[in-house]
*Asks:* 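Structure in structure tokens, see below.
Each residue takes its place number in the sequence, starting with 1.
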Amino acid sequence: MSNKDRLIYLPLGGAGEIGMNAYVYGYGPADQERLIVVDLGVTFPDMDTTPGVDLIMADTAWLAENSGRIDAIFITHAHEDHVGALGHLWPQLKAPVYARAFTAALATLKMEEKGNPLDVIKVVKPRPDIVEAGPFRVQFVPVSHSIPESSALVIDTPAGRIVHTGDFKLDGTPIVGEPFNPEEWHAIAKEGDGVKVLTCDSTNVFSPLPGRSEATLAEPLTELIAGLDGMVVATTFASNVARLKTLAEAGRAAGRSVCMLGRAMKKMITAAVETGVLTDFPPIIQPEEAVEVSRQNLMLIVTGSQGERRAASAQLARGKYLGLEMKEGDTFLFSSKTIPGNERGVIRVMNAYSEMGVDVVDDRNGLYHVSGHANRPDLEAVHDLLRPKILLPMHGEHRHLREHCKIGIAKGIAAELATNGTMVNLTGDEPEIVEYIEAGRTYLDGAVLIGAMDGVVRDRIRMGLNGHVLATLILDEDDQPLGEVWVETMGLSELTKSGQPLVDLIEADLNEYFDKAADKVLRDDDKVEEAVKRIVRQVAMEEIGKKPEVTVVTSRLVAE
């Protein structure tokens with residue numbers, strides 16, 4: 001290792017939030033480091049802050065500027081917040097993509113959807129196999145999580161060993177996928193000079209009890225479903241193949257035919273079967289067959305655990321879906337946790353079912369769902385097992401990262417709270433913040449990518465809050481008004497508080513102004529626009545209490 005070389009870490013997403021994971025490691029001379037990217041995920045919009053936006057992903061402008069230095073992209077697992085942006089952002093980065101078979105199958109679909117080359121995706125086997133990418137030697141280490149073939153990364157560099165946990169939990173019996181193997185992790189901790197840096201999942205740092213195994217759900221779910229009358233409908237995360245299997249087996253044990261509704265679930269099951277992750281999923285029937293099955297002998301497993309409006313659970317809550325409908329005496333089960341921010345959508349679905357007379361069972365008592373992330377005691381166990389010199393909390397909101405740092409420091413580990421855009425030098429014994437990179441967000445808005453600061457969504461919010469007025473003015477060859485100004489409104493009350501048409505009042509004030517306007521105003525498009533906006537907003541504020549967005553169209557006739 002040259003004295004001039006350094007090892008850096010730069011989160012671009014996922015550090016200071018849960019979702020949109022994108023992390024960068026670099027090694028080499030300052031500002032010339034060779035780079036690898038770990039995960040390219042998405043987060044989801046909401047109507048309050050990002051109306052009309054389809055997906056949100058990290059701003060990769062810095063990576064795009066340095067794309068010639070990127071040696072590889074590694075995807076730890078197939079959750080949307082880790083792989084969902086791959087198809088959209090890969091054209092800016094153009095590096096080979098490494099993932100295990102199940103993840104690679106879903107990553108391939110992402111790339112195919114966007115017309116990207118598929119041969120850049122390389123299927124990797126787990127440790128001891130090694131991927132060499134520039135100065136990095138990377139191994140995929142199986143960990144248990146809520147989706148098959150999740151992996152931590154062991155990243156060996158000339159400056160020391162990094163362990164990037166990805167999303168994980170300590171589960172010895174995960175139903176589908178590999179168990180957490182302590183022996184392998186002891187070996188990782190002992191090899192060479194040990195672990196220099198632990199970049200670690202922080203999601204459940206505030207959960208004080210040890211995490212529970214996926215296997216603990218089989219008995220309570222089986223008991224619940226066996227004791228129910230009417231049709232049973234259950235929802236969970238589409239990617240949780242183990243839970244889908246447990247639910248299907250519980251339904252079959254109760255003598256019910258099982259039908260699955262939702263493309264996302266079917267896609268996951270297909271990928272799991274094709275890659276050999278899943279070999280013994282219970283038989284399921286198609287919706288057209290399910291219509292013929294008596295209600296007490298039928299169980300549906302559906303998408304929409306987060307209240308998504310277009311998912312199967314919400315469709316059923318609104319009435320018939322694919323010929324199936326819920327009725328009084330049926331039961332709907334949420335075998336899932338509501339992600340913060342999704343409460344309103346979930347409650348809307350729950351209330352719709354309640355109005356139908358459907359019994360709703362959620363997970364308030366912890367019986368029917370377990371988290372896919374390590375709780376506080378489990379995180380401490382991993383700290384003790386790996387004994388890293390440096391701790392970098394990731395995958396968490398600011399409060400999660402801060403609490404995780406406190407745990408590490410209490411154990412004598414040098415910890416750094418590095419949120420998105422914070423470049424950390426890891427070369428020495430202590431982490432050192434060396435630079436702040438602009439780490440904004442990129443929006444998928446319909447079919448195009450836009451920057452969060454481009455003003456598109458800001459203008460949309462303003463129009464949504466305040467309405468819009470279009471004012472059109474024609475000026476003749478002598479820069480005098482030709483006819484009257486006319487106005488169209490959108491998203492505003494037609495009548496004012498006095499009962500008069502708003503458009504008439506705005507037009508009257510505008511025409512009165514332009515009848516007397518000075519020539520120097522009428523000759524200047526900017527002054528015309530400024531005057532129109534001022535008058536429109538003034539009238540609207542006085543008459544309806546709103547200050548709308550205003551578009552002014554000024555047309556000038558030119559002498560032949």
Side-chain angles (χ1 to χ4, degrees), residues 7-15 19-28 33-43 55 57-126 129-141 147 149-157 162-167 199 394-395 420 423 437 439 442 444 449:
L7 175 64
I8 59 167
Y9 163 74
L10 173 63
L12 294 175
M20 202 179 84
N21 294 278
Y23 307 94
V24 182
Y25 294 97
Y27 181 80
E33 297 92 350
R34 300 305 301 176
L35 307 172
I36 59 171
V37 179
V38 177
D39 291 334
L40 284 170
V42 299
T43 190
L55 288 174
M57 55 202 85
D59 177 2
T60 49
W62 184 87
L63 273 177
E65 287 170 14
N66 295 285
S67 60
R69 293 159 52 192
I70 303 172
D71 288 314
I73 299 165
F74 294 90
I75 307 295
T76 60
H77 64 286
H79 274 148
E80 286 295 306
D81 63 331
H82 292 259
V83 71
L86 179 64
H88 300 286
L89 298 180
W90 185 87
Q92 300 175 26
L93 313 182
K94 288 189 166 58
V97 179
Y98 295 92
R100 295 182 62 197
F102 175 78
T103 306
L106 293 165
T108 299
L109 295 177
K110 301 285 182 194
M111 294 287 277
E112 197 170 29
E113 285 169 8
K114 304 308 295 180
N116 295 321
L118 305 184
D119 57 357
V120 299
I121 297 180
K122 316 293 182 185
V123 177
V124 181
K125 291 181 179 176
D129 282 22
I130 295 172
V131 177
E132 298 205 7
F136 300 95
R137 302 176 81 244
V138 182
Q139 300 173 81
F140 283 73
V141 185
I147 191 170
E149 288 194 349
S150 295
S151 300
L153 301 178
V154 171
I155 306 168
D156 285 310
T157 79
I162 300 166
V163 172
H164 183 105
T165 66
D167 294 5
T199 312
M394 62 156 182
H395 203 287
N420 296 341
M423 184 184 290
I437 304 298
T442 301
L444 176 66
L449 295 178

*Asks:* Between Y23 and Y9, what is the ring plane arrangement, given parallel below 30°, perpendicular above 60°, and tilted in between?
*Replies:* parallel
*Asks:* Please round to the nearest 0.5 Å and tell me the distance separating atom CE of M57 and atom CG of L444.
*Replies:* 5.0 Å
*Asks:* Might you point out which heavy atoms bring D71 and P135 nearest each other, and give the distance in Å?
*Replies:* OD2-CD, 4.0 Å
*Asks:* Less than 3.5 Å apart, which donor and acceptor atoms pair up between the side chains of residues 86-98 and the rest of the protein, not counting sequence neighbours?
*Replies:*
{"residue": "W90", "atom": "NE1", "partner": "A95", "partner atom": "O", "Å": "2.7"}
{"residue": "Q92", "atom": "OE1", "partner": "T60", "partner atom": "OG1", "Å": "2.6"}
{"residue": "K94", "atom": "NZ", "partner": "P91", "partner atom": "O", "Å": "2.8"}

*Asks:* Let me confirm one number: the CD-CZ distance from Q139 to F74, rounded to the nearest 0.5 Å.
*Replies:* 11.0 Å
*Asks:* Are N21 and H79 close enough, and set up right, to give a side chain to side chain contact (heavy atoms under 4.5 Å, CB included), and what steps lead you there?
*Replies:* CA-CA 10 Å; N21 294 278; H79 274 148; over 6 Å; no
*Asks:* Which pairs pass side-chain hydrogen bond (donor to acceptor under 3.5 Å, both in side chains) with one or both residues in residues 106-121, sequence neighbours excluded?
*Replies:* E80-K110
*Asks:* Taking all atoms of both residues into account, what is the closest heavy-atom pair of A85 and G41, and its distance?
*Replies:* CB-O, 3.4 Å
*Asks:* Report the distance from atom CG of L35 to atom CD1 of I73, rounding to the nearest 0.5 Å.
*Replies:* 11.0 Å
*Asks:* Just how far is it from atom OG1 of T442 to atom CE of M20, taken to the nearest 0.5 Å?
*Replies:* 8.0 Å
*Asks:* Would you say P11 and M394 make side-chain contact, with heavy atoms under 4.5 Å?
*Replies:* no
*Asks:* Check for a donor-acceptor pair, side chain of D39 on one end and backbone N or O of T76 on the other, with a separation under 3.5 Å.
*Replies:* yes
*Asks:* With sequence neighbours left out, what residues match K125 under side chain to side chain contact (heavy atoms under 4.5 Å, CB included)?
*Replies:* D129
*Asks:* Pairing donors with acceptors under 3.5 angstrom, does anything connect the side chains of T199 and Y25?
*Replies:* yes
*Asks:* What is the minimum heavy-atom distance between A439 and D59, and which atoms define it?
*Replies:* C-CB, 4.5 Å
*Asks:* Report the distance from atom CZ of R69 to atom CZ of R34, rounding to the nearest 0.5 Å.
*Replies:* 8.0 Å
*Asks:* Might you point out which heavy atoms bring A78 and F102 nearest each other, and give the distance in Å?
*Replies:* CB-CE2, 4.2 Å
*Asks:* Check each of V163, I36, V131 against I155 using the side-chain contact (heavy atoms from CB on, under 4.5 Å) test, and report the only one that passes.
*Replies:* I36
*Asks:* To the nearest 0.5 angstrom, please state how far the CD1 atom of I162 sits from the OG1 atom of T157.
*Replies:* 5.5 Å
*Asks:* Hydrogens and angles aside, do H82 and D167 bring a side-chain donor and acceptor to less than 3.5 Å of each other?
*Replies:* yes
*Asks:* For a side chain to side chain contact (heavy atoms under 4.5 Å, CB included) check, start with the C-alpha distance between E33 and N66, then their side-chain angles and the critical distance, and finish with the verdict.
*Replies:* CA-CA 10 Å; E33 297 92 350; N66 295 285; over 6 Å; no
